[in-house]
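A short write-up of the structure that comes next.
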Amino acid sequence: MYNHFDMKETDRIRNFAIIAHIDHGKSTLADRILEKTGSVTERETKDRMMDTLELEQEKGITIKLQTARMTYKYNGDIKDLQSEYILNLIDTPGHVDFGYEVSRSLSAAQGAVLLVDATQGIQAQTITNVYKALEYDLTIIPVINKIDLPNANIEDLIKELEVVFDFNRDEIILTSGKTGTGVEELLRAIVERIPAPEDNSGKPLRALIFDTFYHEHKGVIAEVFVTEGEIKKGDELHLIGSELNIEPIEIGYLTPSMLIDTTINNGEVGYIATGLKNIRQIHVGDTLTSNNEFKSDHLVPLTGYTKVKPMVFASVFPIETENFNEFREALEKLALNDAALTYKKVHSQALGSGFLCGYLGLLHMEVVQERLEREFNIDLITTSPSVEYNIKLATSDSSKLPNFNNANFNKAGEYIIKTAAEFPDPTLIQVIKEPWNNIEIITPEKYIGGIMELAREHRGIYKNMTYISDQLIHSQRHVSLHYEIPTAEIITTFFDKLKSVSQGYASLDYEYLEHRESKTVKVSIVVNYETLEALSFLSHVSNAETKGREVVKKLRDLIPRQQFKIPIQAAIHNKVIARETIQAYRKDVTAKLYGGDITRKRKLLEKQKKGKKRMKMFGSVAIPKDVFIEALKM
């Protein structure tokens with residue numbers, strides 16, 4: 001039924017990942033596996049042991065991939081497999097924003113446990129993760145989890161897995177992460193079905209760095225998968241991509257705590273404490289080898305990862321400008337632990353120095369900000385999210401661009417912008433292109449109408465609809481809706497609205513498609529006839545006016561009153577599309593008058609009016625930083 005080999009050292013190793021849609025019980029099942037294999041003591045046992053970040057525990061979601069080495073004594077039915085096995089578990093996130101973590105996890109595994117919630121069935125990320133696992137040619141073990149729940153629909157879900165993924169009924173394992181039911185059967189299946197890593201122990205060392213993080217005392221820690229050769233304590237190592245020699249201060253395994261050892265063997269997953277304090281010197285996807293073997297064998301690097309393409313951009317500033325250096329160091333350390341995060345320095349007149357960061361989605365953006373604030377104790381403000389626009393200019397003279405010194409162009413010669421401050425004068429623009437995405441929405445069929453209307457409102461283009469299977473899950477069939485939709489439309493409130501329309505049952509997956517021509521405009525926010533670039537934004541012309549009105553109304557309530565009237569305007573190409581006015585404080589200059597001619601009162605009021613006009617001409621509006629912070633939260 002399954003292939004087995006003569007027992008070598010690598011034959012006792014099983015590297016596997018757990019993949020699933022968000023909230024299908026990966027972390028809870030991982031807890032039971034750790035307990036069953038005796039990897040943690042009763043004293044160490046807690047909920048979600050693989051979720052080591054405080055934010056993961058609080059939100060109840062996995063943000064970072066996490067590895068754990070376990071020892072398992074196999075007592076199954078196959079006699080030639082009687083032995084003690086090393087199981088390397090890699091727990092992966094389930095949310096679409098952290099798909100890059102999943103792909104890196106799969107690169108270090110030979111098999112994947114596909115987890116499906118018995119109460120929710122196949123979801124968007126379930127399908128995506130199966131495709132990813134197949135791309136890496138992994139053996140997949142299908143598992144139905146949460147079978148202990150009263151509303152579990154096990155029989156129909158088994159049929160659905162058979163139809164959608166062509167699994168056989170006897171391949172599917174039933175488990176409960178809560179009670180531990182089926183965990184022993186799953187462990188036996190991991191040993192029996194997942195192939196051992198290829199035996200390359202006699203070859204020169206090559207190891208793939210699939211994750212990194214920073215340790216206060218040990219410097220940069222690299223998590224590696226040794227594909228060829230072995231790493232020994234005291235070896236002088238070489239990073240092929242960075243062209244850097246390192247002498248590790250320790251090596252070992254994650255259990256998930258750090259366990260020091262003298263060797264990381266071929267086919268195993270382990271860690272290397274480099275001792276490096278310069279976090280820019282090591283990169284995820286680089287290849288590690290022995291310095292001596294690199295010189296003699298001219299080794300080529302392993303296939304790393306495709307460069308991640310951020311979906312969402314937003315500028316981040318420390319609220320206290322004197323914290324900028326702290327903020328920069330914190331961001332560098334976090335980027336080491338989050339390979340999908342990109343950043344470059346920017347400056348704002350209103351908010352000072354900061355960084356323009358690229359994220360994979362809104363949840364990724366939220367998580368990064370919260371981790372910076374909690375782990376490094378820095379108060380931050382993030383500007384409104386935007387996407388990457390490509391502009392074909394009507395002129396070859398780039399000196400007229402607002403971002404002249406740092407103007408960025410792609411291979412097609414198009415000007416790339418990510419913020420409203422970079423938007424050029426409309427007379428310089430020939431064509432604007434915005435990013436589009438393919439999206440897949442899986443939903444019970446009764447919500448189709450509302451979801452189609454939601455997609456239409458967000459400029460979605462309908463492609464097709466298919467029924468996942470003819471099986472009924474909770475008395476209704478599930479459908480898969482495919483749309484093409486602008487990225488700018490799905491990075492705001494689309495996901496929240498989707499959950500509302502479907503009463504929480506719909507799931508969403510998306511991937512970048514291409515850049516297409518767009519009628520995008522810059523909405524300038526003007527306060528007292530001065531443009532505030534920090535609050536200006538880019539929008540499609542169809543909803544620019546609505547968004548402009550919302551912003552000026554918010555600012556009218558936020559900006560404190562002054563001694564003169566303050567006009568607040570939203571404008572497109574110098575054409576005002578919305579206006580609000582903050583009324584001036586007024587002193588009653590006529591209070592001292594009594595009786596007499598009305599002309600005396602008018603004379604005093606006219607004198608006051610001229611004075612206020614002069615104040616307006618020579619004074620500028622004092623806008624507290626709190627106003628920017630509140631406005632940007634909108």
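Only a predicted model underlies this, so the values are computations on that prediction, with no experimental measurement involved.
Put simply, the side chain of Leu114 does not reach to within 4.5 Å of the side chain of Val143, judged on heavy atoms. Here the side chains of Met365 and Thr382 are in contact, with some heavy-atom distance below 4.5 Å. Considering only heavy atoms from C-beta on, Val521 stays 4.5 Å or farther from Phe423 through its side chain. Two residues are said to be in side-chain contact when any heavy atoms from C-beta on lie closer than 4.5 Å; Val113 and Phe16 meet this criterion. Proximity of Val368 to Leu334: side-chain heavy atoms (C-beta onward) are separated by under 4.5 Å at one or more points. Two residues are said to be in side-chain contact when any heavy atoms from C-beta on lie closer than 4.5 Å; Lys344 and Phe355 fail this criterion. Looking at Thr175 and Thr181, their side chains never come closer than 4.5 Å, going by heavy atoms from C-beta outward. The side-chain heavy atoms of Ser386 and Val312, taken from C-beta on, include no pair separated by under 4.5 Å.
Heavy atoms only, all atoms of each residue included: Phe537 and Gly548 are closest at CZ-N, 3.9 Å. Shortest non-hydrogen contact noted between Ala109 and Leu138 is O-CD2, 3.1 Å. Contact detail for Asn543 and Ser539: the closest heavy-atom pair is OD1-OG, 2.8 Å. Counting all heavy atoms, side chain and backbone alike, Ile485 lies closest to Ala455 at CD1-O, 4.5 Å. Summarising the geometry of Ile140 relative to Ala133, their closest heavy-atom pair is CD1-CB, 3.9 Å, with the distance given to 0.1 Å. Of all non-hydrogen atoms in Cys357 and Leu341, the two that sit nearest each other are CB-CD1, 4.1 Å.
Under the side-chain contact (heavy atoms from CB on, under 4.5 Å) criterion, Leu149 pairs with Thr119, Lys146, Asn151, not counting sequence neighbours.
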Step by step, work out the side chain to side chain donor-acceptor pair (under 3.5 Å) result for Glu223 and Thr212. CA-CA 6 Å; Glu223 292 185 50; Thr212 51; over 6 Å; no
Evaluate Glu511 against Asn437 for side chain to side chain contact (heavy atoms under 4.5 Å, CB included), listing each step before the verdict. CA-CA 5 Å; Glu511 64 175 355; Asn437 284 61; 5.5 Å; no
Salt bridge (charged side-chain N to carboxylate O under 4.0 Å, His left out), that's the test. Do Glu35 and Arg32 meet it? Break it down for me. CA-CA 5 Å; Glu35 290 171 7; Arg32 302 293 83 77; 2.9 Å; yes
With side chain to side chain contact (heavy atoms under 4.5 Å, CB included) as the test, would you mind laying out the steps for Phe494 and Leu454 before giving the verdict? CA-CA 8 Å; Phe494 184 82; Leu454 177 67; 3.8 Å; yes
Take Glu484 and Arg516 through the test salt bridge (charged side-chain N to carboxylate O under 4.0 Å, His left out) and record every step on the way to the result. CA-CA 11 Å; Glu484 292 176 356; Arg516 294 180 182 173; 2.6 Å; yes
Salt bridge (charged side-chain N to carboxylate O under 4.0 Å, His left out) assessment of Arg371 paired with Glu373: CA-CA 5 Å; Arg371 287 189 67 185; Glu373 290 182 334; over 6 Å; no
Apply the test side chain to side chain contact (heavy atoms under 4.5 Å, CB included) to residues Val479 and Ile442: give CA-CA distance (whole Å), side-chain angles for both, the deciding distance (0.1 Å), then the verdict. CA-CA 6 Å; Val479 299; Ile442 293 180; over 6 Å; no
Given Tyr359 and Glu366, is the side chain to side chain donor-acceptor pair (under 3.5 Å) satisfied, shown in steps? CA-CA 10 Å; Tyr359 311 93; Glu366 179 187 333; over 6 Å; no
For Tyr462 and Tyr483, what are the C-alpha separation, side-chain angles and deciding distance, and is it a ring-ring contact (aromatic ring centres under 6.0 Å, His included)? CA-CA 5 Å; Tyr462 172 78; Tyr483 276 88; 5.6 Å; yes
Residues Lys554, Glu550; criterion salt bridge (charged side-chain N to carboxylate O under 4.0 Å, His left out); working and verdict: CA-CA 6 Å; Lys554 180 84 170 178; Glu550 290 174 357; over 6 Å; no
Let me see the working for Met452 and Leu481 under side chain to side chain contact (heavy atoms under 4.5 Å, CB included), right down to the final yes or no. CA-CA 9 Å; Met452 284 185 160; Leu481 291 163; 3.9 Å; yes
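One finds a salt bridge joining Glu268 and Arg69 here, because a Lys/Arg side-chain nitrogen approaches an Asp/Glu carboxylate oxygen to under 4.0 Å. In summary, Lys463 and Glu440 do not engage in a salt bridge, as defined by a charged side-chain N under 4.0 Å from a carboxylate O. Taking the charged nitrogens against the carboxylate oxygens, Glu171 and Arg169 have no contact shorter than 4.0 Å, which rules out a salt bridge. We find that Arg456 and Glu453 are joined by a salt bridge, their nearest charged nitrogen and carboxylate oxygen being less than 4.0 Å apart.
Other residues, nucleotides and ligands contribute at most 12 non-hydrogen atoms within 6.0 Å of the CG atom of Asp137. Within 6.0 Å of NZ on Lys392 lie no more than 12 heavy atoms contributed by other residues, nucleotides or ligands.
Distance alone, capped at 3.5 Å, is enough to place a donor-acceptor pair between the Asn129 side chain and the Ala20 backbone. Although no hydrogens or angles enter the test, the distance criterion places a donor-acceptor pair under 3.5 Å between the side chain of Asn145 and the main chain of Gly177. Side chain of Arg193 to main chain of Thr139: no donor-acceptor pair is present (N/O by atom type, distance under 3.5 Å, no hydrogens or angles). Remark: the backbone N or O of Gln120 is paired with a side-chain donor or acceptor of Gln123 at under 3.5 angstrom.
In this structure, a donor-acceptor pair under 3.5 Å is absent between the side chains of Asp31 and Ser27. Under the 3.5 Å distance criterion, with hydrogens and angles disregarded, no donor-acceptor pair is assigned to the side chains of Tyr415 and Glu422. Checking Thr487 against Glu434 by side-chain atom types alone, no donor-acceptor pair falls below 3.5 Å.
Distance check, rounded to the nearest 0.5 Å: CG of Asp211 to CZ of Phe213 gives 8.0 Å. Atoms NZ and NE2, on Lys547 and His540 in that order, are 10.0 Å from each other to the nearest 0.5 Å. The distance from atom OG1 of Thr546 to atom CD1 of Ile577, rounded to the nearest 0.5 Å, is 8.5 Å. We find the CG-CD distance between Asn88 and Gln110 to be 9.0 Å, quoted to the nearest 0.5 Å. For the atom pair Ile416 CD1 and Phe409 CZ, the distance stands at 9.0 Å (nearest 0.5 Å). Taking OG1 of Thr227 as the start and CG of Leu208 as the end, the distance is 7.5 Å to the nearest 0.5 Å.
For the pair Lys418 and Phe313, the cation-pi criterion (under 6.0 Å, within 45° of the ring axis) is fulfilled.
Looking at Leu254, Ile13, Asn15, Val226 one by one, the single match for side-chain contact (heavy atoms from CB on, under 4.5 Å) with Val269 turns out to be Asn15. Looking at His515, Glu517, Glu414 one by one, the single match for side-chain hydrogen bond (donor to acceptor under 3.5 Å, both in side chains) with Lys433 turns out to be Glu414.
The aromatic rings of Phe165 and Phe167 lie tilted to each other, with the angle between the two planes from 30° to 60°.
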